[in-house]
Amino acid sequence: MNLSNDRWRHRAHETVSKLGIVPDLPAADRHHDVDDRDLAVRLLEQLPARQREVVVLRHYAGLTEQETAETLGISLGTVKSTCHQALSTLRRAMHDAEEAS
């Protein structure tokens, strides 16, 4: 999700910079936030339990890699590789979901 949002923001910023204007932005759509959150939860549920635990502790709870390793009783390297695999899976799934819609 973050990668997609970053791309959108980057493109919007480039457009505004080229035109030299500030666009009229619509009011924030709270339904979009709910849809994104729902998709994120559904994608997280598809991950194996260990990957889901690592991602939630690192990116939702905000624990460091070391704190995550200690909490789960696994090595620092396992946290790093598990997180990498999980995020790669989530990125692919998010990309597929964007293409489907």
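A heavy-atom distance below 4.5 Å is found between the side chains of His59 and Cys83. No side-chain heavy atom of Gln85 sits less than 4.5 Å from a side-chain heavy atom of Ser88.
The one candidate from Thr71, Val79, Leu72 that meets the side chain to side chain contact (heavy atoms under 4.5 Å, CB included) condition with Leu63 is Thr71. Tested against Val54 for a side chain to side chain contact (heavy atoms under 4.5 Å, CB included), the candidates Arg52, Arg58, Gln51 yield a single pass: Arg58.
Under the rule for a salt bridge (Lys or Arg N to Asp or Glu O under 4.0 Å), Arg92 has no partner lying at least two apart in sequence or in another chain. Residues that satisfy the salt bridge (Lys or Arg N to Asp or Glu O under 4.0 Å) test with Arg50, not counting sequence neighbours, are Glu53. For Glu67, the side-chain hydrogen bond (donor to acceptor under 3.5 Å, both in side chains) partners are Thr64, not counting sequence neighbours.
In the hydrophobic clustering of ILVMFWY residues, with side-chain heavy atoms under 4.5 Å counting as a link, Leu90 and Leu39 come out together.
Contact record, Ala86 with Val55: CB-CG2, 3.4 Å, taken as the closest heavy-atom pair.
Residue Leu44 holds its CG atom at 11.0 Å from OG1 of Thr89, rounded to the nearest 0.5 Å.
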What verdict does the side-chain contact (heavy atoms from CB on, under 4.5 Å) test give for Thr68 and Glu65, after you've listed the backbone C-alpha separation in whole Å, the side-chain angles of each residue and the deciding distance to 0.1 Å?
CA-CA 5 Å; Thr68 301; Glu65 291 171 335; 5.7 Å; no
